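In the text below, chain A, chain B and the rest are named by the order of the sequence lines, each starting its count at 1. Keep in mind that the numbers below use all heavy atoms, side chains included, and drop hydrogens, waters and symmetry copies. Keep in mind it's a predicted model, so treat the numbers as computed, not measured.
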Amino acid sequence: MARVVVDVMPKPEILDPQGQAVARALPRLGFTGISDVRQGKHFELEVDDSVDDETLAKIAEGFLSNPVIEDFTVRRIGA
Amino acid sequence: MARVVVDVMPKPEILDPQGQAVARALPRLGFTGISDVRQGKHFELEVDDSVDDETLAKIAEGFLSNPVIEDFTVRRIGA
Amino acid sequence: MTATAQVDTVGLAASTPDIPQPYRELGLKDDEYARIREILGRRPTDAELAMYSVMWSEHCSYKSSKVHLRYFGETTTDEMRASMLAGIGENAGVVDIGDGWAVTFKVESHNHPSYVEPYQGAATGVGGIVRDILAMGARPLAVMDSLRFGAADHPDTRRVLPGVVAGVGGYGNCLGLPNIGGEVVFDPSYQGNPLVNALCVGAMRAEDLHLAHASGTGNKVILFGARTGLDGIGGVSVLASDTFAGDEGGSGRKKLPSVQVGDPFTEKVLIECCLELFRKGIVVGIQDLGGAGLSCATSELASAGDGGMHVELDRVPLRAKGMTPAEILSSESQERMCAVVRPSDVDAFMAVCRKWDVIATEIGEVTDGDHLVITWHGETVVDVPPRTVAHEGPVYERPVERPTDQDTLAAASTSTLPRPTDLREEILRMAASPNLASRRWVTEQYDRYVRGGTVLAQPADAGMIRIDESTNRGVAVSCDCNGRYTRLDPYTGAQLALAEAYRNVAASGARPIAVTNCLNFGSPEDPGVMWQFQQAVRGLADGCAELGIPVTGGNVSFYNQTGATAILPTPVVGVLGVIDDVTTRIPTGLGAPGDTLFLLGETREELDGSEWANVAHGHLGGRPPQVDLARERTLAEILRAGDVSAAHDLSEGGLAQALVEACLLTGTGCRVTLPGDPFVALFSESSARVLVSVPADRADAFATRCAEAGLPAHRLGTVEPTETLEIAGIPALPLTELREAWEATLPALFD
Amino acid sequence: MKIGVITFPGTLDDIDAARAVRYAGAEPVALWHGDEDLRGVDAVVVPGGFSYGDYLRAGAIARFAPVMTPVVEAARGGMPVLGICNGFQILCEAGLLPGALLRNAGLHFVCRDQTLRVERTTTAWTGGYADGAEIVIPVKNMDGRFAAEKSTVDELEGEGRVVFRYVNGNPNGSLGEIAGISSADGRVVGLMPHPEHAIDALTGPSADGLGMFRSVLGSVAA
Ligand SMILES: Nc1ncnc2c1ncn2[C@@H]1O[C@H](COP(=O)(O)OP(=O)(O)O)[C@@H](O)[C@H]1O
Ligand SMILES: [Mg+2]
């Protein structure tokens with residue numbers, strides 16, 4: 001069993017209104033010094049050891065993200 | 001300037017319909033061996049070096065998450 | 001270690017009478033705990049204690065309100081009851097609307113959770129009321145939301161309001177239920193206690209009415225829908241650290257959140273699944289799981305049935321590891337239902353659930369005893385007479401006392417307040433004030449079109465849906481309350497809320513037939529609050545009797561207060577009306593250019609408690625407007641009789657606001673001459689008034705009919721093809737300027 | 001003529017779409033997400049809603065439903081397919097239409113009566129409209145912001161495949177005010193606004209949406 005983390009982020013050239021809304025709100029709440037925020041999704045999967053990296057990449061690319069608009073990263077944590 | 005990553009996840013005891021929907025769909029797509037999925041949010045912040053960890057924790061706890069239902073982690077990446 | 005090893009059983013309870021139990025932490029008083037011991041003849045088990053404590057809570061047992069709520073029953077005559085198929089005491093009231101159709105509706109509060117977690121609190125509020133309607137056997141058809149927040153410009157309102165609105169929309173939109181109306185009110189008294197009241201309307205064929213009861217020995221009890229998790233068990237988690245609880249699920253258990261997270265997708269599928277089960281006729285009894293979860297569902301089903309019930313709790317599908325029986329019984333996990341099914345129908349039942357991918361589990365059966373017995377891996381953890389849990393909770397006669405400041409408040413009338421010299425400016429300022437400004441920022445986040453039956457929705461006076469596509473029969477609903485009036489005089493204020501909801505429904509062309517309510521008040525332990533409550537109930541009940549329409553159900557929410565300061569007493573009243581043919585509905589706004597504008601009803605100098613006094617002077621004092629329910633009835637009859645091309649009821653902000661809104665909604669101007677003192681004519685909030693448009697060629701006949709009915713009908717002016725509101729003696733108001741004032745406020749505050 | 005209307009778990013506007021088909025004079029045929037064939041229909045509507053809760057991404061799970069295999073196959077063979085709102089999102093996820101639909105720029109669900117310009121009348125679903133006609137139909141969605149790579153957008157514009165454009169205000173920040181697009185052959189159309197909610201002035205802002213359901217009758221007969 002391993003824990004696998006997949007992070008999915010909007011591509012840099014795609015407008016990210018959620019991140020922007022956070023960035024705009026921070027100074028209003030008195031937090032300065034944060035120049036940019038982007039918001040994406042974070043998945044944590046409990047994965048059988050039999051599942052290989054190629055399969056994980058397929059899941060991340062073909063299902064958890066949409067390559068038209070998003071990039072992803074896959075990380076295994078622990079074993 | 002540093003990049004800071006904040007991951008916000010539903011607390012373990014809180015229902016996570018999003019993660020469940022993904023977990024239920026995977027076998028239908030022919031992917032087996034994934035026993036649990038949880039879905040949260042992933043934020044990437046560009047942060048001035050003047051912003052200390054305490055401030056980051058405040059932002060994560062008080063604004064990016066609601067401690068009633070969510071946990072968060074803060075990581076600094078690079079410098 | 002097995003889960004059964006340390007579980008607190010009935011046998012153990014009998015043999016260890018002196019073990020101390022954390023009943024106080026669970027909210028039970030000494031005498032309540034003593035009564036439980038007396039009922040059982042022993043100490044309760046952990047699981048029993050969990051059940052009694054939630055079921056005997058204020059929220060579930062109505063222990064402070066019961067003695068007052070009886071008045072609704074006492075004032076309902078047989079005639080009022082004639083079309084009522086189910087009333088107070090059922091999940092929701094049901095009325096016969098003709099052609100074999102029955103309509104059910106109810107409003108419920110989800111106030112505190114919406115303060116703690118605005119999005120999920122509001123979302124699960126919608127989810128809960130929808131399941132109530134579903135549990136009657138009806139298809140849920142539309143929702144409404146009645147919302148109250150602290151001052152519009154308070155920073156915390158910016159946290160709470162957008163979350164609540166997104167939650168109401170997020171859940172309702174995803175369920176595919178049109179949102180057809182509601183309220184948004186700001187007042188500093190709601191600062192730490194926002195009110196989120198959600199209403200749902202549903203319909204069924206009268207013969208399909210399902211009541212929650214478990215009858216027929218041998219019938220199976222099936223739990224279906226979402227898995228049971230640790231949500232919303234809040235207080236009961238103290239039991240997990242108690243002596244008898246298992247280690248892994250017990251002493252290590254941290255404080256659990258008392259909010260729930262909703263899954264509208266699961267609920268949507270559950271609705272379709274239930275409706276298919278109803279259609280196939282394989283449900284004997286059904287109950288939704290809301291507050292108090294399985295404790296409530298099992299004890300109520302058993303208590304309303306003719307036998308006992310046996311539940312095997314270890315069969316409940318769980319989402320979390322190591323849950324104790326007490327936790328499973330108290331969990332408020334959303335999107336679950338409990339059905340009683342004949343053994344021969346179980347396979348068919350399961351097949352329907354499989355089709356919809358809904359988890360369904362047989363957890364027990366109806367027995368011929370009269371006890372509710374719950375076992376956990378074969379050991380008995382609950383053995384109680386179900387009525388003592390569900391229906392025979394404590395009843396309190398709380399002290400009632402008229403607050404001493406009530407007279408001072410009544411004496412502080414608006415008569416001495418300076419009045420504006422520039423009425424044009426005042427009209428604009430009022431239109432832009434938070435309580436009167438356009439609600440579009442809110443309502444635009446709600447789907448009002450889904451299902452294709454919405455005939456009227458925001459910004460109409462009442463929401464209206466078509467129930468039957470072949471006959472065009474439909475219903476209209478409005479919910480209203482003005483807490484400022486209720487603060488000044490709770491009896492009159494409750495009647496004014498009723499009058500306004502009734503009038504809104506009448507203004508759509510429907511015939512009001514039934515009432516629901518959600519009574520939001522401060523602490524029942526404060527005699528002054530109890531007085532407000534008592535007065536409001538009496539006012540509402542007496543008002544309903546006078547109008548001849550019954551209260552079919554409702555909800556009470558107490559403890560809406562911060563420290564010693566209670567919210568404005570807020571009895572939200574929902575009125576349902578029926579319309580034989582929805583194509584004859586009256587649109588809200590102005591009629592066609594050339595139509596004659598009438599102001600129906602009588603304008604008195606009534607500015608106490610008004611929005612003008614609030615906006616211009618931050619003032620609340622004096623006597624609320626006079627109630628005239630006979631006049632409301634006449635108004636409704638005149639409106640229904642035809643000839644009216646458009647209408648708009650007068651409420652907060654008076655005639656000025658009604659004219660502004662009517663012009664903006666229709667996008668047409670009008671020219672009017674004010675009767676009497678122009679300031680009073682514009683801003684007084686006398687009730688029982690409606691602005692109507694009547695085609696010019698029928699204006700005389702209309703005026704005659706009003707005169708015959710004894711209804712004052714003042715010819716105000718005409719609808720004009722221009723884009724200007726022209727009021728004699730006041731510089732013209734172009735609609736563009738009015739629109740800017742009216743529409744900019746909420747976006748400026750919340751975007 | 002038979003028009004299939006698909007129901008996924010979480011589909012909401014299927015009854016509206018079926019009603020619109022009926023009002024247009026065709027026979028609606030209910031298709032279930034688990035169906036493996038299209039029951040002999042002549043065209044398919046993929047209606048709006050929140051299939052599977054839209055939890056992962058709008059349309060991301062529904063595109064894998066069994067019924068989508070015959071839909072994609074039929075569409076590639078020229079069968080008219082109309083994706084409305086969630087249906088549009090599903091068609092994009094399934095690759096029948098290019099681009100993707102993202103969270104509205106304002107971050108809120110938006111429900112409003114929207115004016116659209118009909119930019120192309122040579123598709124299976126818009127033949128009955130006049131070129132450049134302005135119609136008012138409701139838009140209501142959370143994820144309606146059309147986005148695609150620049151080259152894709154240029155291609156859509158260049159080939160005249162932008163079928164509907166928002167006028168008098170863009171409700172969701174869509175690129176180029178794009179409200180709806182078509183496949184290269186004009187048989188598959190997807191749009192965010194809801195023509196099925198504008199078939200009768202009693203329950204919608206207009207009856208302008210009926211044109212889409214009527215257009216397809218002519219297109220199949222031809
Ligand atoms: N929270 C809400 N949800 C849905 N509709 C709302 C909400 N608040 C207000 N509305 C709608 O906006 C319109 C204007 O509201 P309001 O001014 O309170 O009406 P009235 O005074 O006639 O009751 C009505 O159609 C009402 O139903
Ligand atoms: Mg009102």
Could you work out, with ring-ring contact (aromatic ring centres under 6.0 Å, His included) as the rule, every residue matching C:F224, not counting sequence neighbours? C:F349
With a 4.5 Å heavy-atom cut-off (strictly below), which parts of residues 116-130 of chain C touch chain B? List them by number. C:V116, C:E117, C:Q120
Roughly how far, to the nearest 0.5 Å, is the CZ atom of C:R227 from the CG atom of B:L15? 11.5 Å
So, do C:V259 and B:I69 sit near enough that their side-chain heavy atoms are less than 4.5 Å apart? yes
Run the ring-ring contact (aromatic ring centres under 6.0 Å, His included) test against B:F63 and tell me which residues pass, sequence neighbours left out. none
Side chain, backbone, both or neither of B:Q20 within contact of chain C (heavy atoms, under 4.5 Å): side chain
Please name the pair of heavy atoms, one in B:E13 and one in C:R319, separated by the smallest distance, quoted to 0.1 Å. O-NH2, 2.9 Å
What do you reckon, is NZ of B:K58 surrounded by more than 12 foreign heavy atoms closer than 6.0 Å? no
Applying a heavy-atom distance below 4.5 Å, give me the residues of residues 260-268 of chain C that approach chain B, sorted by number. C:V261, C:G262, C:D263, C:F265
